[in-house]
Undergrad: 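My questions will all concern the structure given below.
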Number of protein chains: 2
Amino acid sequence: MKPLFHPDTADIQLSSVLYALSDPVRLMMVHKLRQNGERSCGDIELPIAKSTVSHHSRTLREAGVIRTRTHGTQRLLSIREEDLETRFPGLLNAILSSYEETDEL
Amino acid sequence: MKPLFHPDTADIQLSSVLYALSDPVRLMMVHKLRQNGERSCGDIELPIAKSTVSHHSRTLREAGVIRTRTHGTQRLLSIREEDLETRFPGLLNAILSSYEETDEL
DNA sequence: TTTAAAGTTCTATGATAATCGAACAATAGA
DNA sequence: TCTATTGTTCGATTATCATAGAACTTTAAA
């Protein structure tokens, strides 16, 4: 199995994180991951093709927002909450709180 | 003089704000505006052509991040801090604090 | 060893965007 | 009124991206 690239915490770029979270689909993915905890790609209900989910997962992973680990044929996604808090204190919570307070659910 | 469009506070979209701030040039613009207060386009030192600055100003304005007012031949830009705080409490500060703490200056 | 399940990668497409230079518009000042 | 200043808009270019379907890979299960 090919190892998946995850940036080191110190290498996570603010603009990359903001970009990753500026897409409504990806924002919804991250919101659901925080609400429900670690989930496989398929368990996150999304109105798009699975190849598109895969693409978004990769964008979030390469930006340093989520972690992906392999479990059987599944890929389990989770938010890198501690790493993000270390790198950008308060940022993730401010974004997801804003998301939850508005009508973008 | 053509009136410039500014979205109402309630119409500001989170994903649009995140997208607007995900570009390094625009992030720098907003950082400098908060550091120095209201400034004209030309007073914000940027390593890009003035037509490009104008384009970025428009993106920030239409996303609801900045306000633009006319003063003579100048356009004065300022951050919509109160509106953003009303709409997305803590968001702008979390983003700009993150920016200032990292090496992206 | 087949078969099924879960994702990824490839290819293609249509849309959007970052950039610049040139032309244009509006205003202030000489 | 002419001119300089400030910024916008237009046109073109180049690049990136969101999307989907098809083919492929990997693993688990029958």
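In what follows, chains carry the letters A, B, and so on, assigned in the order in which the sequence lines appear, proteins first and then strands, with residues in each chain numbered from 1.
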Undergrad: Would you say B:V53 and B:L21 are hydrophobically clustered, going by side-chain heavy atoms of ILVMFWY under 4.5 Å?
TA: yes
Undergrad: For the helix from C:dT1-D:dA30 to C:dA30-D:dT1, measure the angle between the helix axis at one end and the axis at the other, each built from five pairs, rounding to 10°.
TA: 10°
Undergrad: With a 4.5 Å heavy-atom cut-off, do B:E85 and B:L92 have their side chains touching?
TA: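 No, their side chains stay 4.5 Å or more apart.
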Undergrad: Just by distance, with hydrogens left out, do A:R75 and A:S57 show a side-chain donor and acceptor under 3.5 Å apart?
TA: no
Undergrad: Under 6.0 Å from the CZ atom of A:R34, do we count more than 12 heavy atoms belonging to anything else shown?
TA: yes
Undergrad: Are any non-hydrogen side-chain atoms of A:M28 and A:Y99 less than 4.5 angstrom apart?
TA: yes
Undergrad: Given A:I44, which partner from the list A:V30, A:L77, A:N36 fulfils the side-chain contact (heavy atoms from CB on, under 4.5 Å) test?
TA: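 Of A:V30, A:L77, A:N36, side-chain contact (heavy atoms from CB on, under 4.5 Å) with A:I44 is met by A:L77 alone.
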Undergrad: Collect all protein-nucleotide pairs involving nucleotides 16-18 of chain D in which both atoms are nitrogen or oxygen and the distance is under 3.5 Å.
TA:
| residue | atom | partner | partner atom | Å |
| --- | --- | --- | --- | --- |
| D:dA18 | OP1 | A:Y19 | OH | 2.7 |
| D:dA18 | OP1 | A:R26 | NH2 | 3.2 |
| D:dA18 | OP2 | A:R26 | NH1 | 3.1 |
| D:dA18 | OP2 | A:H55 | NE2 | 3.4 |

Undergrad: What pairs of residues pass the side chain to side chain donor-acceptor pair (under 3.5 Å) test when at least one of them lies in residues 40-50 of chain B, not counting sequence neighbours?
TA: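 Those involving residues 40-50 of chain B are B:S40-B:D43.
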Undergrad: If you restrict it to nitrogen or oxygen atoms, what contacts under 3.5 Å exist between nucleotides 4-7 of chain C and the protein, and what is each distance?
TA:
| residue | atom | partner | partner atom | Å |
| --- | --- | --- | --- | --- |
| C:dA6 | O4' | A:T73 | OG1 | 3.1 |
| C:dG7 | OP1 | A:S40 | OG | 3.2 |
| C:dG7 | OP1 | A:C41 | N | 3.3 |
| C:dG7 | OP2 | A:G42 | N | 3.1 |
| C:dG7 | N7 | A:K50 | NZ | 2.5 |
| C:dG7 | O6 | A:K50 | NZ | 3.2 |

Undergrad: Tell me every residue that passes salt bridge (Lys or Arg N to Asp or Glu O under 4.0 Å) with B:E81, counting only those two or more places apart in sequence or in another chain.
TA: none
Undergrad: Who are the salt bridge (Lys or Arg N to Asp or Glu O under 4.0 Å) partners of B:D83, not counting sequence neighbours?
TA: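 For B:D83 the salt bridge (Lys or Arg N to Asp or Glu O under 4.0 Å) partners, ignoring immediate neighbours, are B:R67, B:R80.
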Undergrad: Which heavy atom of B:S98 sits nearest to which heavy atom of B:A94, and what is that distance?
TA: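 Taking every non-hydrogen atom into account, OG-O, 2.8 Å.
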